[in-house]
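Since the model is a prediction, treat every value here as computed from it, not as a measurement.
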Amino acid sequence: MNKVGESFINLAETAYVSSYQARRHRQFTVPSGLAVKKNQYFGPAADFAIRTTLAAAGSMLFATWLGFHHPWWAAMTVWLVAQPTRGLLLERMIARFTGSAVGALAGMAILLCLPMKSFGQLLVLTLWLAACAGIGSFFRQFRNYGFVLAGYTAAVIVMFSYFEAHTDSRLAIDRTFCTLTGIVFTGLAAFHSLSGNRFSVLSQRFTLLINTVLSQVPYAPTAKQLVDYIGTITRLNAELDKESAGSLSAMRQARQMKRTLLALLNVIATLATPHAVVARHPEYRVPTAPDLSALIRQASVSDNTLLAQSLTELQQCLAGVPESYGFFCRLRHHDWLVVLHAVLRPVGALALSGSLWLLTGWETGPIMVMTAVLFASLFSSNPQGNTALADVLSGTIIGALAGCLFRLWISPQLSHDAGVLVIILFLMTGAYLMACPRTSKMAIDINMTFLLVTQPFSSQLPATVSDVLMQSGAILSGAAIAALWYWLVLPASPRSSQARAARRLIGIARRLSRSTSPQEVSWLLRYGQSTLMQLFASHSHDAQFIRSGLRYLRQAQRSVMQFHAHNHERAFHSQKTDAYPRTMLAARLVQRYLTCNRRSS
C-alpha cells in the first residue's frame with residue numbers, strides 16, 4: 001500500500017476538522033463541550049454563563065410567583081440539563097422531566113400509603129431505588145439518567161417530607177412543576193443558540209473506515225494500521241450516541257452503524273493472524289459494494305472460510321439484515337454482577353446513612369440521607385464514579401462554605417434585592433467555571449450545594465446559625481458517605497470495569513463450550529465483541545493489547561463456525577476440538593495482560 005493508502009484512515013478526521021473550521025465565523029466549541037453560537041461581545045464561557053444564569057434566575061422568580069415552596073429546584077434544573085447540542089439538550093430535558101415526574105409520584109405514593117417514618121416506608125423506598133438503579137444499568141446516557149433520576153427523586157420527596165414534617169402532596173407537586181419550569185426556561189434561553197449534530201460527518205467517516213479496511217483484504221495490517229483502525233472504530237462508537245441524539249431516524253442508523261462496527265472488528269481480527277502476509281499494494285483503490293461480494297467469493301475459493309464468514313456478516317450488516325437474537329437470550333447472558341453493583345451502590349448508601357441517622361437521632365439526618373442517595377444513585381452505572389465523586393465532594397465543600405458565608409454574614413447586612421443580586425453573581429461565577437475544562441465537573445456541584453444551603457425565595461429558611469450549620473453539615477456528610485461507599489466498598493473506576501470485562505470474556509468462552517442453541521452462540525459472539533469494544537476504548541494505542549484482544553475474537557469466531565458446521569448437535573461438545581480451549585486461553589491472556597498492566601502502573 002502506498003502513502004495514500006496508508007494515510008487514508010485519517011482522511012475523515014481531516015474532512016471533519018476542515019468542515020468545522022469553515023464554520024468558525026458562526027459557531028465554535030466551549031472548552032468543556034458546551035457549544036453555542038459566537039457572541040460578538042463575549043467569549044464562549046461568558047456567553048454560556050450569562051445565558052444559563054438568566055435562565056436560572058428567571059425560572060426561580062417565575063416559580064416563586066406561581067407560589068411554589070422550593071423555587072430553587074427550578075434553578076437547579078437549568079444547570080443539570082445544559083448540553084452542547086440541540087439533540088442532547090432535547091433528550092436531557094425529556095429524561096429530566098420524565099424521571100422527576102415518575103419519581104415524585106412514587107415518593108408521594110410512599111408517603112400517603114404507608115405510616116410516616118415507618119420501616120415499611122424505608123423498605124419500599126429501598127426497593128424502588130434498587131429497581132430504578134438495576135433497570136437503568138441496562139441502558140446508557142440519558143435513558144440511564146431517567147431511571148436513576150426516578151429513583152433518587154422519590155428519596156428526595158420522602159426525606160424532605162421527614163425533614164419538613166408534613167405528608168401531603170405539596171413536595172411532589174413542587175418538584176414536578178419546578179423541574180418543568182427550569183426545563184422551559186432552559187429551552188427558551190439556550191435551544192436556539194446551540195449547534196446541531198454532526199451525524200452526516202460521522203456517516204462519511206464510517207464509510208471511509210469500511211472502505212479502508214476492505215482495501216486491506218486479504219492481507220494483514222501492520223501494527224500502526226491496527227492502532228489506527230481500532231482507534232477510529234472506538235472513537236466512532238463513542239460519538240454515535242451523542243451525534244444521533246434528538247432524532248429517531250439518526251438513532252436507528254446509529255444502532256445499525258454500531259452493529260456494523262462490531263462486524264468490522266471480526267474482519268480485522270481475521271486479517272490480523274500472526275503469520276499473515278503484510279499488504280504491499282502497488283496502488284490504492286476504494287472498494288465498492290460489488291467488490292465486497294467479490295472478496296467473499298475470493299475468500300471462499302481460497303478456503304479461507306473464517307474470512308468469508310466475517311465478510312458475509314459485514315455485508316449483512318451493511319444491507320440492514322435484522323438480528324435474530326431473542327430478548328430472553330440477551331437477558332440470560334447479561335452480566336448480572338454489573339446490575340448487582342449498580343443496585344448496591346444507592347441501596348448501600350441509603351442503608352449506611354439511614355442507620356447513622358436513626359442511631360444518632362440527628363434532626364437534619366434526612367438531608368444527609370437524601371444527599372447520600374442522590375450522589376450514589378447518579379453514578380451507579382458510571383465507570384468513572386470514583387473520580388466523579390471526588391469532584392462532587394470538592395464542589396460540595398466549596399458550595400456549602402459559600403452558602404454558609406452568605407446566610408450567616410452577607411445576607412444579614414444586605415437588603416433583599418441586594419442579596420438576590422449577590423446570589424445571581426455567585427451563580428454566574430459557577431456557570432462560568434462550568435465552561436472551563438479544569439473546573440467544569442465540580443462547578444455544577446458548587447452551584448447546586450450553594451442553592452441547597454441558601455434556598456433563595458424559600459418560605460422555610462433556617463432560623464438560627466446552628467440550623468444553617470447543621471444543614472450544611474448534613475449535606476457534606478451525605479456526599480462523604482456516598483464517596484466513601486464507592487472508594488472503599490464498591491469502586492466504580494476504569495480499572496474495576498476493565499477487570500469485570502476481562503472476567504466477562506472468560507465467562508463467554510465458558511458458555512460457548514456449553515451452549516446448544518444457534519441464537520445463543522451468535523449472541524455470545526456479539527457479546528464478546530461488545531466487551532472487547534469497551535476494552536479497546538481504553539487501550540486504543542496499545543498494539544500488543546489490541547493483538548491479544550483480536551486473538552480472542554478470532555478464536556471465538558472459530559468456535560462459532562465449528563458449532564454451525566456440526567449442525568448444532570449436542571454430540572459436538574463431546575468431540576475433540578481445540579477451538580474452545582484456545583478461546584479460553586485467549587481470554588485468560590487478555591485478563592493477564594490487564595492485570596500486569598495495572599500492577600506496573
Side-chain angles (χ1 to χ4, degrees), residues 56 59 70 72-83 88-111 124-161 171-187 241 245-246 339 342-347 349-350 367 369-382 384-385 388-389 392 396 441 444-445 447-449 451-452 478-479 482 486 492:
S59 62
H70 305 83
W72 35 274
W73 277 343
M76 287 182 173
T77 300
V78 173
W79 284 287
L80 290 172
V81 300
Q83 295 297 317
L88 290 174
L89 177 62
L90 180 62
E91 286 197 356
R92 185 79 168 194
M93 290 192 299
I94 294 173
R96 179 73 186 177
F97 178 72
T98 305
S100 297
V102 172
L105 288 174
M108 184 173 64
I110 292 173
L111 289 174
V124 173
L125 178 60
T126 302
L127 294 176
W128 175 256
L129 277 173
C132 291
I135 297 173
S137 67
F138 285 86
F139 302 94
R140 297 186 305 272
Q141 295 191 340
F142 299 127
R143 286 178 284 275
N144 172 268
Y145 177 69
F147 278 102
V148 298
L149 179 61
Y152 75 69
T153 297
V156 169
I157 299 300
V158 172
M159 292 303 155
F160 253 105
S161 178
L171 275 172
I173 295 173
D174 272 19
R175 181 75 177 185
T176 303
F177 283 95
C178 285
T179 299
L180 180 60
T181 301
I183 288 172
V184 170
F185 274 81
T186 301
D241 284 332
V339 179
V343 168
L344 290 179
R345 285 172 183 137
V347 169
L350 173 63
I367 301 296
V369 177
M370 178 200 72
T371 308
V373 170
L374 190 155
F375 290 129
S377 298
L378 192 59
F379 305 110
S380 59
S381 298
N382 189 338
Q384 302 280 352
L389 279 169
V392 162
T396 302
K441 294 181 179 179
I444 187 170
D445 295 295
N447 276 0
M448 298 301 101
T449 307
L451 287 170
L452 196 57
Y486 272 64

Minimum heavy-atom distance between Ala372 and Ala482, given as atom pair plus value: O-CB, 3.7 Å
Interatomic spacing from CG in Leu180 to CE in Met93 - rounded to 0.5 Å: 10.5 Å
Listed partners of Asp174 passing side-chain hydrogen bond (donor to acceptor under 3.5 Å, both in side chains), at least two apart: His70
Side chain to side chain contact (heavy atoms under 4.5 Å, CB included) partner of Ser100, chosen from Val156, Thr176, Leu149: Leu149
Within-4.5 Å side-chain heavy-atom neighbours: Val339 and Phe138: yes
Sequence-distant partners of Leu378, side chain to side chain contact (heavy atoms under 4.5 Å, CB included), two or more places apart: Tyr145, Tyr152
Check: Trp128 side chain, Gly103 main-chain N or O, donor-acceptor pair, under 3.5 Å: no
Straight-line distance of Leu127 CG to Cys132 SG, nearest 0.5 Å: 11.0 Å
Qualifying residues under side-chain hydrogen bond (donor to acceptor under 3.5 Å, both in side chains), relative to Arg143, sequence neighbours excluded: none
Nearest heavy-atom neighbours spanning Val148 and Ser380: CG1-OG, 3.8 Å
Which atom of Ala376 lies closest to which atom of Arg345, heavy atoms considered: CB-O, 3.6 Å
Partner set under ring-ring contact (aromatic ring centres under 6.0 Å, His included) for Tyr486, not counting sequence neighbours: none
Leu111 side chain near Met108 side chain, heavy-atom distance below 4.5 Å: no
Greater than 12 external heavy atoms within 6.0 Å of Phe177's CZ: no
Separation between CD1 of Ile157 and CZ of Arg175, rounded to the nearest 0.5 Å: 6.5 Å
Spacing of Leu350 atom CG and Leu344 atom CG [to the nearest 0.5 Å]: 12.0 Å
Phe139 versus Asn144, closest heavy-atom pair with distance: O-CB, 3.6 Å
Euclidean distance, Leu80 CG relative to Ile444 CD1, rounded to 0.5 Å: 4.5 Å
Salt bridge (Lys or Arg N to Asp or Glu O under 4.0 Å): pairs with one or both residues in residues 125-138, sequence neighbours excluded: none
Exercise: identify the closest heavy-atom pair between Val373 and Ala155: CG1-CB, 3.7 Å
Flag side-chain contact, heavy atom, 4.5 Å: Thr186 against Arg92: no
Minimum heavy-atom distance Ala130-Val347, with the two atoms named: CB-CG2, 3.9 Å
Rounded distance [0.5 Å steps], CE in Met448 versus CH2 in Trp79: 5.5 Å
Heavy-atom check, side chain of Leu171 versus side chain of Trp73, under 4.5 Å: yes
For Thr181, all residues meeting side chain to side chain contact (heavy atoms under 4.5 Å, CB included), sequence neighbours excluded: Ser59, Phe62, Ala74, Phe185
